[in-house]
Amino acid sequence: MKSPRSLIRPLVHDLHAYVPGEQPKIKGLIKLNTNENPYPPSPRVLKAVKAAVDGRLRLYPNPTAQLLREKLAKLHGCGPENIIIGNGSDEVLALAVRAFVEPSQKAGAGSQKSECKVQYFHPSYSLYPVLADTHGAAKNAVPLNANFTLLTVAELKRGGTWDFNAALTFVTTPNAPSGCGYATSELEKLCRATKGVVVLDEAYVDFARENALKLALKFPHVLVARTFSKAYSLCFQRVGYFVGHPELIAALDKIRDSYNVNGLGQVAAVATLEDLKYYRANFRKIISTREELSRSLTLLGFRVLPSETNFILAKPPGGALTAKDWLEKLREMKILVRWFSYPEVKDYLRITIGTPAEAQALVKAAKAILSS
Ligand SMILES: Cc1ncc(COP(=O)(O)O)c(C=O)c1O
């Protein structure tokens, strides 16, 4: 008999899976580690989901999420053929790798040919390298400027490491984990210069000054990714989507699972679009808490990067404690934030914006740590 291990592809053996933020069930925990929205879905959404829970659960959902695509098309001024829905935006990101990138000839080795390349800035969303590795594609991680701003096309040309022909380029905009917003005019120049497919991952865009959706309708090689998880309080239901050229969308549609978006997720997302006023009020609350928290932490000596998202990247004041120590001390005080070990951000904490009361609790805890 073959050992189970020998039945697994070598590429899969060597994979490092994506590490999601923890979801501990600790009573009274203030959870500021996974950029979830502190406010619940609108009462209309809860009502719609509850009303859909009956004997119809035995039926398959609409395979193309037709109603949701129609509603989104209306919102974005395009047609349903410009939209594909996924089981969270993570799914459509993964579909893009499978549809547009050739796997390298030798699994894991990573050919440097442009058609095998997944390209992204570093640091940005840490799922992209995992998706590339899973597919056996090559990775091209191009460093951002030291202050996490975007490089101009001229700088990318001078730098020589950006592949303008890479099969697929991911740009997190506004960026994570820096929170840094990018101007649509700069993104437009980048899209114009880059010839492969460009995905503008706008997971946090509702908290930003600008969005780049128009680029997905202007350029045939640009896709914009959106999600209901962050701004629309719907992580649990897993709904995300791409907007882009019908030909790219049709290619992605061919390789997705037939019923990739669960029925209750479709119901919840449709109801969300019928109550956007509720969510827009929440964006304003979160942005105002973000600015207030940034000010308070800055007064305590933190270096807080300007954010256009629902989280901040903040460097604790120099002293005996490292950022990792801060993570642990805050955890002891039942406040969970996120810390990443890689060099560019290891001195920072990524803090999700919660309610004003949660932000105040964090500031109080930080004061206590500083005075202890
Ligand atoms: C930049 C970015 N894109 C996409 C996602 C995935 O969102 P979803 O819940 O829609 O899969 C996340 C989630 O953390 C993210 O940070």
Side-chain angles (χ1 to χ4, degrees), residues 17-23 31-38 41 65 68 72 83-97 118-132 134 141 144 148 150 168-182 187 198-208 211-213 216 223-243 252 256-257 260-262 264-266 268-269 272-273 279 286 307-313 336-340 342 345 348 350-353:
Y18 175 72
V19 184
E22 293 172 79
Q23 300 292 348
K31 194 172 173 300
L32 307 175
N33 68 327
T34 48
N35 300 340
E36 288 148 327
N37 197 304
L68 178 56
L72 283 169
I83 295 173
I84 180 169
I85 316 284
N87 180 36
S89 57
D90 280 350
E91 188 195 16
V92 286
L93 301 175
L95 287 177
V97 176
V118 175
Q119 174 167 260
Y120 45 88
F121 289 105
H122 180 74
S124 68
Y125 186 28
S126 51
L127 180 70
Y128 310 143
V130 177
L131 295 178
T134 308
L144 287 166
F148 305 110
L150 199 60
L168 180 60
T169 297
F170 287 118
V171 183
T172 317
T173 171
N175 197 19
S178 68
C180 186
Y182 301 148
L187 292 170
V198 180
V199 170
L200 303 175
D201 182 349
E202 292 196 329
Y204 300 101
V205 83
D206 296 285
F207 308 104
N211 72 71
L213 194 102
L223 294 163
V224 163
R226 295 277 179 94
T227 176
F228 282 83
S229 292
K230 314 292 178 179
Y232 301 95
S233 305
L234 221 53
C235 289
F236 195 77
Q237 293 285 3
R238 314 295 305 121
V239 187
Y241 61 98
F242 271 152
V243 179
L252 295 159
R256 70 172 172 82
D257 288 346
N260 62 330
V261 190
N262 82 80
L264 294 179
Q266 293 187 35
T272 298
L273 297 178
Y279 293 95
I286 289 168
S307 167
E308 295 205 28
T309 59
N310 69 335
F311 56 85
I312 51 173
L313 195 66
L336 191 57
V337 298
R338 190 100 191 251
W339 173 77
F340 298 98
Y342 55 92
V345 295
Y348 292 82
R350 195 196 68 186
I351 305 168
T352 302
I353 306 302

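Ligands are counted one by one from 1 in listed order, and the atoms in each one are counted from 1 as well.
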(request) Check whether the ring centres of Tyr204 and Phe207 lie less than 6.0 Å apart, and answer yes or no. (result)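 Ring centroids of Tyr204 and Phe207 are no less than 6.0 Å from each other.
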
(request) Could you tell me whether some N/O pair between Ser89 and ligand 1 is separated by less than 3.5 angstrom? (result)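 Yes.
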
(request) Return yes or no for this condition: an N or O of Tyr204 is under 3.5 Å from an N or O of ligand 1. (result)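 Such a contact does occur with ligand 1.
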
(request) Tell me which part of Glu91 gets within contact of ligand 1: side chain, backbone, both or neither, using heavy atoms under 4.0 Å. (result)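 For Glu91, no heavy atom sits under 4.0 Å from ligand 1.
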
(request) Would you check if there is a donor-acceptor pair between the side chains of Ser178 and Tyr348 at a distance under 3.5 Å? (result)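 No, no side-chain donor-acceptor contact under 3.5 Å.
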
(request) For the residue pair Thr34 and Lys31, confirm or rule out a side-chain donor-acceptor distance under 3.5 Å. (result)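 Yes, Lys31 and Thr34 have a side-chain donor paired with an acceptor closer than 3.5 Å.
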
(message) Out of Thr227, Asn87, Thr173, Val239, who is nearest to atom 10 (O) of ligand 1 when you count heavy atoms only?
(response)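 Closest candidate by heavy-atom distance is Thr227.
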
(message) Tell me the nearest of Asp90, Thr309, Val171 to atom 6 (C) of ligand 1, using heavy-atom distances.
(response)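 Shortest heavy-atom distance from atom 6 (C) of ligand 1: Asp90.
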
If you measure from each heavy atom of [X] to ligand 1, is any distance below 4.0 Å?
{"X": "Lys230", "result": "yes"}
{"X": "Phe228", "result": "no"}
{"X": "Asp201", "result": "yes"}

(message) Please report the interatomic distance CG(Asp90) to CG(Leu131), rounded to the nearest 0.5 Å.
(response)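 Going from the CG atom of Asp90 to the CG atom of Leu131 covers 7.5 Å.
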
(request) Output the distance between atom CZ (Arg338) and atom OG1 (Thr352), rounded to the nearest 0.5 Å. (result)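 Between atom CZ of Arg338 and atom OG1 of Thr352 there are 9.5 Å.
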
(message) Quick check on side chain to side chain contact (heavy atoms under 4.5 Å, CB included): which of Tyr125, Tyr120, Tyr182 does Val171 satisfy it with?
(response)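 Checked Tyr125, Tyr120, Tyr182 against Val171; only one passes side chain to side chain contact (heavy atoms under 4.5 Å, CB included): Tyr182.
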
Residue [X] vicinity, atoms of ligand 1 by number, heavy atom under 4.0 Å:
{"X": "Thr172", "answer": "1 (C)"}
{"X": "Arg238", "answer": "8 (P), 9 (O), 11 (O)"}
{"X": "Gly88", "answer": "10 (O), 11 (O)"}

